[in-house]
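All values below were derived from every heavy atom in this structure, side-chain atoms included, with hydrogens, water molecules and symmetry-related copies excluded.
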Amino acid sequence: MLVMATVQTLTRRFERVFPSEQAVVLAETITEAYNDLVKTSDFNELKAIVKELAEAQIRTEVRLDDLTKDVQLLTQAQQRTEARLDDLTQAQQRTEARLDDLTQAQQRTEASVNDLAKDMQQLTRVVTGMAQEMGGLSRSMSYALENEAYRALPAFLQRKHDIIITDRIVRIDIGDEEINFFALGTRAGEPICLVGESKLQLDERRNSRREAKRVISQLANKVDAVREAYPDRDIVRLLVTHYARPGILQYLREHNVLVIQTFEW
């Protein structure tokens with residue numbers, strides 16, 4: 001920047017060609033004009049700075065607008081997140097309530113199961129007792145059937161089947177087999193061994209065909225044991241029952257089993 005000379009210096013220079021008063025006025029005028037010129041330059045520079053500041057302010061405001069929009073978006077996102085968290089919290093509360101209900105239901109179920117288990121235990125004891133009583137009753141009835149048969153069979157066999165018992169009919173063990181009806185005798189004069197079982201009832205409506213097969217299998221084992229002990233005698237296989245239905249009766253007779261029903265004697 002140029003350095004302006006002082007008024008005194010300019011005055012001395014102007015006095016060389018101008019009168020003193022004119023030289024002073026001229027020096028002062030030039031000094032003032034120069035000072036005004038410097039102020040104008042500074043003002044222009046200031047205006048440029050202000051313009052730059054204004055532009056920076058505009059850019060800042062634009063950036064602030066962008067930031068405001070971003071903040072608004074973040075606020076909305078936060079609100080949605082908070083709403084979602086509220087939904088999740090409520091869902092969790094409902095889940096916990098449901099779990100409480102399920103826990104209580106499970107506890108009630110377990111209590112019911114425990115009660116049912118106790119009832120089942122009691123029922124099992126009752127059924128076991130009944131089964132034992134029924135088993136005892138069945139055995140008693142079987143023994144009664146056999147005792148009746150021991151008395152009635154000899155005369156019936158002789159009258160209906162030409163079988164003469166030379167000794168009384170007994171229960172006996174031969175080998176490893178228990179035989180309910182065993183006796184020595186003759187049939188049409190030929191020596192025989194009577195080998196028999198007893199069943200209270202054979203009703204095909206109660207799967208008695210399967211029971212008949214089991215009887216035949218049992219008799220086969222007993223016959224084998226008796227045949228080994230009495231190889232010179234024929235074996236008469238016998239089944240004594242209160243009642244056998246026609247189909248079962250025919251099935252047993254087809255397998256050479258002599259079936260005698262108690263009502264026959």
Side-chain angles (χ1 to χ4, degrees), residues 1-135 205-207 209-210:
M1 178 181 296
L2 296 175
V3 179
M4 182 63 188
T6 64
V7 174
Q8 292 81 0
T9 302
L10 290 176
T11 298
R12 286 194 298 270
R13 291 180 180 178
F14 289 149
E15 284 178 343
R16 295 174 186 172
V17 294
F18 296 102
S20 297
E21 293 180 359
Q22 292 181 350
V24 171
V25 172
L26 183 60
E28 291 176 352
T29 300
I30 292 173
T31 301
E32 291 177 0
Y34 179 81
N35 290 336
D36 292 339
L37 178 63
V38 171
K39 292 178 181 178
T40 300
S41 175
D42 291 342
F43 179 73
N44 290 336
E45 183 177 355
L46 179 60
K47 286 201 302 181
I49 293 172
V50 170
K51 182 179 180 180
E52 291 179 359
L53 290 174
E55 292 175 350
Q57 177 69 22
I58 292 172
R59 291 193 298 271
T60 301
E61 291 177 353
V62 171
R63 181 58 180 164
L64 285 174
D65 289 340
D66 293 338
L67 289 174
T68 300
K69 293 178 181 178
D70 292 340
V71 169
Q72 290 176 347
L73 292 175
L74 289 173
T75 301
Q76 293 173 358
Q78 182 179 3
Q79 291 173 347
R80 290 193 298 272
T81 300
E82 291 175 351
R84 181 58 179 163
L85 287 175
D86 289 339
D87 293 340
L88 290 175
T89 300
Q90 294 175 5
Q92 182 179 2
Q93 292 173 348
R94 291 193 298 271
T95 300
E96 291 175 351
R98 180 59 178 163
L99 287 175
D100 290 339
D101 292 340
L102 291 174
T103 300
Q104 294 175 4
Q106 181 180 3
Q107 292 173 349
R108 291 193 297 270
T109 301
E110 291 175 351
S112 298
V113 169
N114 290 333
D115 293 340
L116 180 60
K118 294 177 182 178
D119 293 340
M120 288 298 295
Q121 290 175 352
Q122 183 176 0
L123 179 60
T124 299
R125 288 193 293 269
V126 171
V127 171
T128 300
M130 291 179 62
Q132 292 174 349
E133 291 178 2
M134 289 297 293
R205 293 173 299 184
R206 300 178 181 175
N207 296 321
R209 183 175 291 272
R210 182 173 59 191

Measure the [atom1]-[atom2] distance between [X] and [Y] for me, rounded to the nearest 0.5 Å.
X: Arg12; Y: Thr6; atom1: CZ; atom2: OG1; result: 6.5 Å
X: Thr31; Y: Gln8; atom1: OG1; atom2: CD; result: 8.5 Å
X: Arg84; Y: Thr89; atom1: CZ; atom2: OG1; result: 10.5 Å
X: Lys69; Y: Gln72; atom1: NZ; atom2: CD; result: 8.5 Å
X: Thr68; Y: Arg63; atom1: OG1; atom2: CZ; result: 10.5 Å
X: Ile30; Y: Thr11; atom1: CD1; atom2: OG1; result: 9.5 Å

Minimum heavy-atom distance between Ala27 and Val7, given as atom pair plus value = CB-O, 3.6 Å
Using residues 109-120 as the side-chain source, report each donor-acceptor pair under 3.5 Å to any protein atom, sequence neighbours left out, with the distance given to one decimal.
{"residue": "Thr109", "atom": "OG1", "partner": "Ala105", "partner atom": "O", "Å": "2.8"}
{"residue": "Glu110", "atom": "OE2", "partner": "Gln106", "partner atom": "NE2", "Å": "3.2"}
{"residue": "Ser112", "atom": "OG", "partner": "Arg108", "partner atom": "O", "Å": "2.9"}
{"residue": "Asn114", "atom": "ND2", "partner": "Glu110", "partner atom": "O", "Å": "3.1"}

More than 12 non-hydrogen atoms from neighbouring residues, nucleotides or ligands closer than 6.0 Å to CD on Glu21, yes or no?
-> no
